[in-house]
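All remarks here apply to the structure that follows.
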Amino acid sequence: MKQSAYLQSFIKGDWKSGIAVFLVALPLCLGIALASGAPLLAGLVAGIVGGTLVSLLSGSELSVSGPAAGLTIIVATAIADLGSFPGFLVAVIIAGLIQVALGLLKLGKIGGFFPSSVIRGMLVAIGIVIILKQIPHAIGDDLDFIGEFEFDQKDGENTFTEILKSLASIKIGALIISLLGLIILFSWTKLGQKFSWMNALPASLFVVLAGVGINELLGLYAPNWFLGDSKDHMVNLPVFASSSEIYAGIISPDWSFLSHPKVYSIALTLAIVATLESLLSLEATDSLDPLKRISSPDRELLAQGAGNVVSGLLGGLPITSVIVRSSTNIYAGGKSRMSGFFHGILLIVAVVLLPLYLNKIPLACLASILLYTGYKLAHPKEFKKVFAEGWKQWVPFLVTVAVVVGVDLLWGIFVGTLVGLIFVVITNYSSVFTVFKNGNEILIKFQKDVTFLHKMQLKEALRKIPEGAEVFIDTTKVHFMDHDIHLLIQEFVSTAQERGIEVDLKKK
């Protein structure tokens, strides 16, 4: 797209989706930093770099990058092992350089090897996880950070026990705010059909304004339901007295850790996991894109690598493409990379100019935005589509959903892909050739390429051919034939005459 086209796209609506992504990204950046044992500013730096630099360099128009919940355990363990956050930043920079190298080597295409059933299962599973994890926040249980997505939590609870625990102490104020937010989001499109002026405004912004307004009214007229001004139930943006204080809060890498062997193993782990998450998120984002654009995975790796280098230099957490932010962008109407870029600019504005005001936003209204995104991702129609395609699609789909929800994202992808590959082997094994019999005549017709996996099946079919039969072997549709199969057919042809069998071998 040309610069003029980007400007036009921004004016038409990318600014609205940028606001929606910003409102979701802000607590995620803070929460992920908190869960990782890193300074809060490190999460915001990563979000800003992901929003500004990576959005401009990305291979996708709609992918949004920032600190990822999937890396929190790796990051927290790495910081503890090194005993130094500045030392950890060196590992982030090296990981970024590894990603740049992978992009230059054109290795981004590995993301295309994951089955579509697994990618769809991942999207639905993330939607379910978002819903399950945001229910406690929607009713006032904000002890865990809003971006936590692992099944087993640090406090000893899991996704389901946390919901049960939160139901025992519902905060009416939070429930009112989240329910109103959901009503606004679900009715916004229909209301926009009657009141056209509403289409020009972002629904998510109204959700936040309504949440702030209701909480302030509760403070005046229903103090028992008031969520208070404490950090427990509100956005908790660090407040800086001046720009020099912000600059002083930026942590620089400790280059002496270049001689620490553990830095390199951590960097390699970060690079591999961040690369997989980014490529999978890219595949998922492309599948959600209404315009069905095909993104460049190699360019995405270069962008992610550059982002991690810059984030590490500025004291930020590692960055990946994140499906929660990307899907929020798409469902909010984003059309180009300008929405992701604008969300990065808004994060800068938030840190520098608006911390006191943004800290009045209840987490309950942000939970309603995430609940809406989760519903869109895990819509019942997605299940209907997959089930209509047959069991070879819905089995790996459901396995992926179950493992992502019950364990975590990467395990779900790996197990789902393994199941998908098993089905590929079964499909290829069972349908590579067909045997037709008509009296004494036998036709063995190959439908596709054949590998050593079919050796026993073909050997059994040839063994059953009776003496005196006329056999026609048609391999015209085979582009590739494994050496073992070729040798087996040649041996059959060479010995057929001894058994009184006539063979006609038709090749391409």
Side-chain angles (χ1 to χ4, degrees), residues 1 6 45-68 70-71 74-75 78 88-116 118-119 122 253 258 263-289 292-314 316-326 329 336-341 343-344 409-410 413-414 417:
M1 293 175 67
Y6 280 121
V45 167
I48 291 168
V49 173
T52 53
L53 177 65
V54 180
S55 287
L56 294 180
L57 299 178
S58 175
S60 168
E61 291 292 335
L62 297 176
S63 176
V64 182
S65 298
L71 293 178
I74 296 173
V75 173
F88 170 72
L89 294 176
V90 176
V92 175
I93 295 168
I94 296 171
L97 293 173
I98 293 172
Q99 287 183 299
V100 170
L102 293 175
L104 292 173
L105 292 171
K106 307 292 184 184
L107 295 179
K109 296 174 181 61
I110 59 174
F113 289 98
F114 292 93
S116 61
V118 173
I119 298 298
M122 179 188 79
L258 283 171
V263 163
Y264 297 95
S265 61
I266 290 170
L268 184 61
T269 301
L270 284 173
I272 292 171
V273 176
T275 293
L276 283 175
E277 289 209 15
S278 294
L279 293 178
L280 289 168
S281 178
L282 189 71
E283 288 283 320
T285 302
D286 281 355
S287 71
L288 293 174
D289 183 1
K292 298 303 175 188
R293 287 166 287 193
I294 300 174
S295 304
S296 167
D298 296 323
R299 180 174 170 180
E300 184 67 18
L301 276 187
L302 291 171
Q304 296 295 332
N308 276 315
V309 170
V310 174
S311 183
L313 288 170
L314 296 178
L317 292 174
I319 293 169
T320 75
S321 173
V322 190
I323 193 57
V324 176
R325 272 161 266 194
S326 301
N329 181 28
S336 80
R337 65 185 69 237
M338 293 309 297
S339 54
F341 178 75
H343 117 272
L409 177 63
L410 288 179
I413 291 296
F414 288 136
T417 300

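All residue numbers in this chain count up from 1 along the given sequence.
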Please round to the nearest 0.5 Å and tell me the distance separating atom [atom1] of [X] and atom [atom2] of [Y].
X	Y	atom1	atom2	value
Ile272	Leu268	CD1	CG	4.0 Å
Leu279	Phe114	CG	CZ	8.0 Å
Leu71	Leu317	CG	CG	9.0 Å
Leu107	Asp298	CG	CG	7.5 Å
Leu302	Ser296	CG	OG	8.0 Å
Leu301	Lys109	CG	NZ	9.5 Å

Does the pair Glu61 and Tyr6 meet the rule for a side chain to side chain contact (heavy atoms under 4.5 Å, CB included), with working shown?
CA-CA 10 Å; Glu61 291 292 335; Tyr6 280 121; 2.7 Å; yes
Please find the pair of heavy atoms, one from [X] and one from [Y], that lie closest to each other, and give the distance.
X	Y	answer
Ser63	Ser58	CB-OG, 4.4 Å
Leu282	Ser295	CD1-CB, 3.7 Å
Ser60	Asp286	OG-OD1, 4.5 Å
Ser311	Ile319	CB-CD1, 3.7 Å
Ala284	Ile119	CA-CG2, 3.8 Å
Leu56	Arg337	O-NH1, 3.4 Å

Do [X] and [Y] make a side-chain contact, defined as non-hydrogen atoms from C-beta onward lying under 4.5 Å apart?
X	Y	result
Pro318	Val75	yes
Phe88	Leu270	yes
Leu276	Phe414	yes
Leu104	Val100	yes
Asn329	His343	no
Val64	Val322	no

What do the steps show when you test Val263 against Leu258 for side chain to side chain contact (heavy atoms under 4.5 Å, CB included), and what is the final call?
CA-CA 7 Å; Val263 163; Leu258 283 171; 5.7 Å; no
Kindly determine whether Val273 and Leu410 satisfy side chain to side chain contact (heavy atoms under 4.5 Å, CB included), including the steps that lead there.
CA-CA 8 Å; Val273 176; Leu410 288 179; 3.5 Å; yes
Mark yes when over 12 heavy atoms from residues, nucleotides or ligands other than Ile294 sit less than 6.0 Å from its CD1; otherwise mark no.
no
Pairwise side chain to side chain donor-acceptor pair (under 3.5 Å) hits with a residue in residues 93-103, at least two apart
Gln99-Thr275, Gln99-Asn308
Do you see a donor-acceptor pair shorter than 3.5 Å between the side chains of Ser321 and Ser281?
yes
Is the closest side-chain donor-acceptor distance between Ser65 and Gln304 under 3.5 Å?
yes
Verify side chain to side chain contact (heavy atoms under 4.5 Å, CB included) between Ile266 and Thr269, making sure each step is shown before the conclusion.
CA-CA 5 Å; Ile266 290 170; Thr269 301; 5.7 Å; no
Salt bridge (Lys or Arg N to Asp or Glu O under 4.0 Å) involving Arg325 - partner list, sequence neighbours excluded:
none
Residue list, side chain to side chain contact (heavy atoms under 4.5 Å, CB included) with Lys292, at least two apart or on another chain
none
